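Following: one structure in structure tokens, then a few remarks.
Because only heavy atoms are used, hydrogens play no part in the values below, and waters and symmetry mates are left out as well, while side chains stay in. Owing to the predicted nature of the structure, the values given are computational and were not obtained by experimental measurement. Order of the sequence lines sets the chain letters (A, B, ...), proteins ahead of strands, with each chain counted from 1.
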Amino acid sequence: MISYNPSKIEKKWQKYWAEKNIFASEVDKKQKKFYVLEMFPYPSGDIHMGHVRNYTLGDLVARYKRANGYNVLHPMGWDSFGLPAENAAIENNVDPKYWTEKNIKNMKNQLKKMGLSYDWKREISTCDADYYKHEQKIFIDFYKNGLAYQKETIVNWDPVEETVLANEQVIDGKGWRSDAIVEKKRMKGWFLKITEFAEDLLKDINNLKNWPEKVKLMQKNWIGKSFGAHIDFHIKEINDKITVFSTRPDTLFGASFIAISPQHRLVEKLKNDYPEIEKALTKLEFKNTNEQNLDRIEKIGILTPLKASHPFEKNKLISIFIANFVLIDYGTGAVFGCPAHDQRDFDFAKKYNLEIIEVVSKEKNKRIRNNLTCAYAEDGYLINSGFLNGLTVNEAKEVSIKKLEELNLGSRSINYRLKDWGVSRQRYWGCPIPIIYCKACGIQTVPEKDLPVKLPEKVDLQKSGNPLSKQSDWINVKCPKCSGNAKRETDTFDTFFESSWYFARFTDPQHNDAINKKNADYWLPVDQYIGGIEHAVLHLLYSRFFIKAMNKLKLINLNEPFTSLQTQGMICHQTYKNSNNEWQFPKDIIKENDKFFSIKDKSKVYPGRIEKMSKSKKNVIDPTTIIDKFGSDTARFFILSDSPPQRDMEWTDEGVEGASRFLKKVWQLINADNYVNIPYQKIRHSDQSDFNILLCTYKTIKYVTQAIDNFHFNLAIANIRILFNELNMYKVRTKNNRIIKKYCISNFLILLNPICPHMCEESWEILGNQQSISFSPWPKVDLEYFNENQVILPIQINGKRRSEVKISKSLNKKEIEKLVLNHQAITKFLVQPPKKIIYVPNKIINIVI
RNA sequence: GCGAGCGUGGCGGAAUAGGUAGACGCACUGGACUUAAAAUCCAGUGACCAUAUUGGUCGUGGGGGUUCAAGUCCCCCCGCUCGUACCA
């Protein structure tokens with residue numbers, strides 16, 4: 001028998017699929033479509049295990065849906081703009097374009113070795129001008145329709161990357177890539193009006209039935225809708241006002257101070273008028289930026305000499321503080337403090353010795369307790385609040401808002417935490433923003449005929465700051481309107497811009513416009529999207545926004561891009577350290593008698609925690625090495641077999657070897673007999689053994705189908721293994737036995753094919769089939785086999801299983817009771833007559849004594 | 001702090017709608033083959049007791065409850081993981 005040689009058969013079938021274009025797909029309105037997409041990678045150089053998991057999941061779905069008669073779209077491309085290319089350029093003095101293209105070539109080869117069923121003719125790379133010219137056009141459309149605008153704001157500045165970050169890219173006060181503490185800086189930049197869709201983005205989350213609850217919740221929290229009121233506090237001395245946003249207008253009578261953010265508009269004025277404030281403020285801002293990552297910074301306020309009038313009590317004046325805990329980004333950058341009913345305000349009041357007025361009481365008409373030890377934030381009835389007294393919190397909210405509106409001192413309002421998306425980046429390796437600044441004509445968009453605005457080549461990246469701003473030959477252009485001297489915008493887009501619409505471009509990547517509506521209408525939305533949870537808000541929210549915006553501009557006819565979303569868990573591996581506490585690569589370690597040693601110098605190595613694979617901890621396994629050694633089918637099988645996709649999984653040598661062992665055994669099963677001249681035919685069983693193997697086959701078809709539909713691929717594999725074990729034990733004595741065995745093996749292969757396609761193609765051929773297994777329809781169950789007339793009935797005494805009995809389904813309750821009560825293992829328990837007998841037909845019987 | 005999720009053998013994990021807990025695999029143990037090892041094959045494998053069975057007790061983080069019956073439902077508690085963080 002020829003031994004299983006994965007590298008040979010995998011090359012053979014990869015070549016076959018490519019040459020025959022098996023996985024190319026075209027619009028075909030007669031066929032039902034299925035669009036499966038995995039998040040496309042950044043071409044960093046090599047694929048890692050996370051990619052292997054992601055793309056194996058997608059490939060399984062694609063092949064499964066194909067077998068189920070769908071016209072499947074399964075494309076792949078490259079998210080190829082981004083900072084690593086620039087960093088590599090600086091470090092190794094290579095052109096980012098060259099570096100990126102080389103990486104793409106390499107990673108594409110690696111992906112091809114995995115045997116993924118992509119339609120490679122649809123491949124796109126976002127750094128190609130052919131791709132980003134459409135993006136520039138989309139931006140211009142956004143701009144012309146008021147969905148993109150320029151403004152000066154306080155931005156998140158990453159001092160290491162020397163660029164602006166979106167709020168979403170700031171994690172724990174640090175840059176999401178650089179880990180540097182983010183600074184606040186005033187800058188001009190381009191923004192997309194995502195807030196215009198805040199309500200739609202929030203509301204439509206409810207339609208995303210097949211998204212993980214967790215992701216939906218994260219998006220809801222990110223959008224952060226809250227109901228309340230804008231309230232004006234007038235400052236007579238300077239004839240100005242402070243507008244605050246509050247969700248608790250009912251507690252207005254308990255207001256004892258106003259706090260504004262250090263970045264608030266009024267602060268500039270105060271700084272000029274009162275030097276001592278400016279002085280105090282430098283200290284405050286120091287705290288604000290540098291210690292933000294410490295647990296909770298101390299709440300500090302600077303008392304200003306100004307006083308504001310209370311909207312309901314004309315004679316009451318309220319102190320105004322500049323406080324470090326008030327966020328300029330949220331609401332109006334100003335709040336009123338009600339210490340009795342907000343813990344933060346309470347702490348602040350205690351510190352600065354401010355009045356604490358209780359205005360909500362738990363019980364109706366209850367008097368004040370006076371000695372609050374903490375704020376009371378729960379429901380209750382209003383007290384000490386003039387016209388609001390006696391009302392519930394909710395009633396008081398309504399009444400106070402109405403009153404504010406009457407007095408023209410405020411209004412009902414809804415606030416969102418979501419801010420407009422700042423897309424300007426001071427980087428070279430990104431899509432140029434198609435804008436021209438003319439002294440005479442102002443901001444001009446680049447005319448469509450001049451698109452794309454291509455990135456200049458041979459740029460010096462060694463200098464710090466924005467590289468494009470130093471390219472004078474590129475910057476200087478003629479104004480499209482007056483033909484006078486003008487300058488290009490030197491910022492490039494945030495790279496999330498590219499990934500916000502690539503899935504739509506895949507539907508016709510060569511089309512002259514960004515979107516071929518005819519194709520998009522057929523293929524979109526993406527039926528199954530698969531990727532990492534880390535994109536729960538960033539990429540997934542931006543993409544939803546893009547689709548809604550493009551829909552509004554009639555560029556696309558779609559409301560939500562992704563019907564079903566699955567997020568995969570991380571891949572973990574044991575960590576190792578040597579005696580110098582240095583991380584060690586698993587590939588450099590050998591295990592002897594449960595102890596670990598370095599392969600190089602035999603020194604002792606100590607195993608550490610099982611952690612998420614990361615380059616820094618060196619606990620990585622190179623997929624290419626695994627594929628070269630065991631074959632892609634083994635890697636695919638193992639990565640699916642151990643854990644459900646959503647959960648983290650541990651990569652172990654033993655696991656891979658177990659997978660490899662299984663495939664070798666399948667190979668032996670296929671090659672142990674010659675089935676070429678046996679018909680692939682469904683025939684009836686003639687004895688119990690035939691019946692059992694057919695029943696097992698049909699059960700497996702049923703369970704594997706269910707498991708794949710529910711994204712429980714580990715269960716699919718468990719069931720496939722059960723069928724395999726049965727097939728291995730099935731004895732062939734007659735010609736009919738062999739026909740049955742071939743039939744069952746064939747179905748087994750079709751079930752295994754989405755997981756291990758190369759081995760299944762080869763086996764399929766060995767069985768004597770002329771056509772690729774990729775064209776074999778998913779098998780169907782024969783329900784007749786599920787109508788067994790006998791069933792094993794467990795017998796319980798007082799809920800405890802004591803025995804079981806084989807019964808015929810045709811027996812009635814009386815007959816079964818009689819049978820069970822006379823069962824020899826049961827009679828000994830029946831010292832007294834049973835009190836009660838519960839019989840669940842064909843499932844269980846419980847005797848209560 | 002808030003929000004979400006999870007907790008089942010030595011390990012990864014199964015268990016439709018409350019109905020035989022531990023499927024499938026990994027690891028381990030014993031046996032066969034071998035001069036030997038590896039590989040492979042066969043058998044066993046939740047814990048404890050036992051007259052060693054085809055017997056029994058316990059057992060799904062802990063405690064209580066509902067039910068004929070609870071991993072699954074309800075209440076309280078503990079632990080872990082993830083997300084988020086002054087959101088007014």
Side-chain angles (χ1 to χ4, degrees), chain A residues 171-173 212-218 220-222 224-226 228 231 244-249 251 258-259 261 288 292 295-299 323-327 329-338 341-345 347-348 415-418 533-534 536-537 569-570 572 610 638 641-644 646-650 652-659 661-662 664-665 668 703 706-707 710 712 714-725 792-804 824-825 828 834-840 842-849:
Chain A
I171 295 152
D172 292 335
E213 287 303 321
K214 189 188 163 115
V215 174
K216 292 197 272 186
L217 191 71
M218 282 166 79
K220 271 183 195 164
N221 290 340
W222 191 266
K225 183 181 187 178
S226 55
I231 306 161
V244 306
F245 173 74
S246 174
T247 56
R248 294 297 301 271
T251 63
I258 285 169
S261 160
N288 202 5
Q292 209 161 37
D295 263 352
R296 269 157 187 253
I297 57 159
E298 199 192 348
K299 292 173 181 43
N324 63 346
F325 65 87
V326 180
L327 306 172
D329 289 339
Y330 187 77
T332 59
V335 299
F336 83 79
C338 174
H341 305 290
D342 180 288
Q343 190 57 42
R344 194 183 34 211
D345 297 344
D347 298 341
F348 194 79
N415 190 58
Y416 296 93
R417 185 179 171 277
L418 184 71
I533 185 83
E534 66 272 22
V537 273
M570 306 280 191
C572 304
I610 294 159
F638 172 59
S641 67
D642 258 28
S643 305
Q646 302 80 354
R647 230 181 283 185
D648 288 353
M649 71 163 291
E650 190 195 346
T652 60
D653 290 349
E654 291 83 1
V656 186
E657 274 152 22
R661 203 177 310 149
F662 176 74
K664 279 182 194 151
K665 288 196 278 188
Q668 280 162 13
Y703 294 149
Q706 270 174 16
N710 295 324
H712 294 158
N714 56 325
L715 286 187
I717 287 184
N719 282 293
I720 284 172
R721 291 185 102 126
I722 291 172
L723 175 57
F724 173 79
N725 292 342
I792 290 173
L793 185 75
I795 308 168
Q796 292 183 332
I797 307 280
N798 289 342
K800 216 171 260 181
R801 184 186 170 279
R802 293 294 177 179
S803 190
E804 60 187 30
Q824 49 128 3
K828 66 176 175 184
K835 285 182 193 153
K836 199 175 174 185
I837 297 174
I838 291 109
Y839 175 56
V840 185
N842 304 325
K843 198 117 202 201
I844 204 159
I845 185 159
N846 189 11
I847 302 160
V848 185
I849 54 171

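- Taking a pair to require two hydrogen-bonding distances under 3.5 Å in either a Watson-Crick or a G-U wobble arrangement, B/C2 pairs with B/G83.
- Counting non-hydrogen atoms under 4.0 angstrom, A/Asp329 reaches nothing in the nucleic acid.
- As rounded to the nearest Å, B/C76 and B/A88 have C1' atoms that lie 34 Å from one another.
- Nucleotides B/U60 and B/C6 have their C1' atoms positioned 13 Å apart, rounded to a whole Å.
- Surrounding NZ of A/Lys225 are more than 12 heavy atoms belonging to other residues, nucleotides or ligands, all under 6.0 Å away.
- For the P atoms, the distance from B/U16 to B/C86 is 42 Å, rounded to whole Å.
- OP1 or OP2 of B/G56 has at least one side-chain nitrogen or oxygen of A/Arg802 nearer than 4.0 Å.
- Among the atoms of the strands shown, base atoms are found under 4.0 Å from some heavy atom of A/Val840.
- Atom C1' of B/G5 sits at a distance of 39 Å from the matching atom of B/G56, rounded to the whole Å.
- The listed nucleotides are B/C68, B/A88, B/G13; the one nearest the side chain of A/Val335 is B/A88.
- Nucleotide B/U57 holds its P atom 12 Å from the CD1 atom of A/Ile797, rounded to whole Å.
- Taking only side-chain atoms of A/Leu217, from C-beta outward, the nucleotide of B/G19, B/A88, B/A4 with the closest atom is B/A4.
- Nucleotide B/G9 carries a syn base; the chi torsion (O4'-C1'-N9-C4 or O4'-C1'-N1-C2) is within 90° of 0.
- The shortest distance between side-chain heavy atoms of A/Asp648 and A/Met570 falls below 4.5 Å.
- Protein atom CG of A/Leu723 is 12 Å distant from nucleotide atom P of B/G25, rounded to whole Å.
- B/C75 and B/C68 have their C1' atoms separated by 23 Å, with the value rounded to a whole Å.
- If you check B/C28 for Watson-Crick or wobble pairing at under 3.5 angstrom, you find it paired to B/G44.
- For A/Arg344 against B/C86, no side-chain N or O and base N or O form a donor-acceptor pair under 3.5 Å.
- Using atom C1' as the reference point in both B/C58 and B/C73, the two lie 24 Å apart (nearest Å).
- In this model, the phosphate group of B/G13 is approached by a side-chain N or O of A/Ser643 to a distance below 4.0 Å at OP1 or OP2.
- Residue A/Lys800 places at least one side-chain N or O under 4.0 Å from the OP1 or OP2 atom of B/C58.
- Atom-to-atom, OH of A/Tyr330 to C1' of B/C87 comes out at 4 Å; the value is rounded to the nearest Å.
- A close approach under 4.0 Å does occur between a side-chain nitrogen or oxygen of A/Arg417 and OP1 or OP2 of B/A85.
- Rounded to the nearest Å, the gap between the C1' atom of B/A15 and that of B/G71 is 9 Å.
- Distances were taken from every side-chain heavy atom of A/Arg721 (C-beta onward) to each of B/C68, B/C24, B/U20; the shortest belongs to B/C24.
- Using a 4.0 Å heavy-atom distance criterion, A/Glu654 is classed as a sugar-phosphate-only contact.
- B/U8 and B/C24: their C1' atoms are spaced 15 Å apart (whole Å).
- A/Tyr330 places a side-chain heavy atom less than 4.5 Å from the side chain of A/Asn415.
- In this structure, A/Ile849 and A/Pro834 have side chains that are in contact, with non-hydrogen atoms separated by less than 4.5 Å.
- A/Ile847 has its side chain out of reach of A/Arg802: every pair of non-hydrogen atoms, C-beta onward, lies at least 4.5 Å apart.
- A/Asn221 places its CG atom 13 Å from the P atom of B/C86, with the value rounded to the nearest Å.
- Residue order along RNA chain B, read from the 5' end via each residue's closest nucleotide, puts A/His712 first among A/Gln796 and A/His712.
- Heavy-atom nearest nucleotides on RNA chain B were determined for A/Lys665 and for A/Ile838, and the one closer to the 5' end corresponds to A/Lys665.
- Across the protein-nucleic acid pair, A/Ile610 atom CD1 and B/G13 atom P stand 11 Å apart, rounded to whole Å.
- Regarding A/Leu715, its CG atom lies at a distance of 13 Å from the C1' atom of B/G12, rounded to whole Å.
- Distance, A/Asp642 CG to B/A23 C1': 14 Å, rounded to whole Å.
- For B/G19, the OP1/OP2 oxygens have no side-chain nitrogen or oxygen of A/Lys843 closer than 4.0 Å.
- Nucleic acid contact class of A/Ile722 (heavy atoms, under 4.0 Å, all strands): sugar-phosphate only.
- Atom NZ of A/Lys214 is separated from atom C1' of B/G5 by 7 Å (rounded to the nearest Å).
- Within the 4.0 Å cut-off from OP1 or OP2 of B/G25, not a single side-chain nitrogen or oxygen of A/Arg661 is found.
- Distances shorter than 4.0 Å separate some side-chain N or O of A/Asn714 from OP1 or OP2 on B/A14.
- Using a 4.5 Å heavy-atom threshold, the side chains of A/Ser226 and A/Phe245 count as touching.
- With a 3.5 Å ceiling on both atom-pair distances, B/A21 lacks any Watson-Crick or G-U wobble partner.
- Donor-acceptor pairing under 3.5 Å, judged by distance alone, is present between the side chain of A/Lys299 and the base of B/C86.
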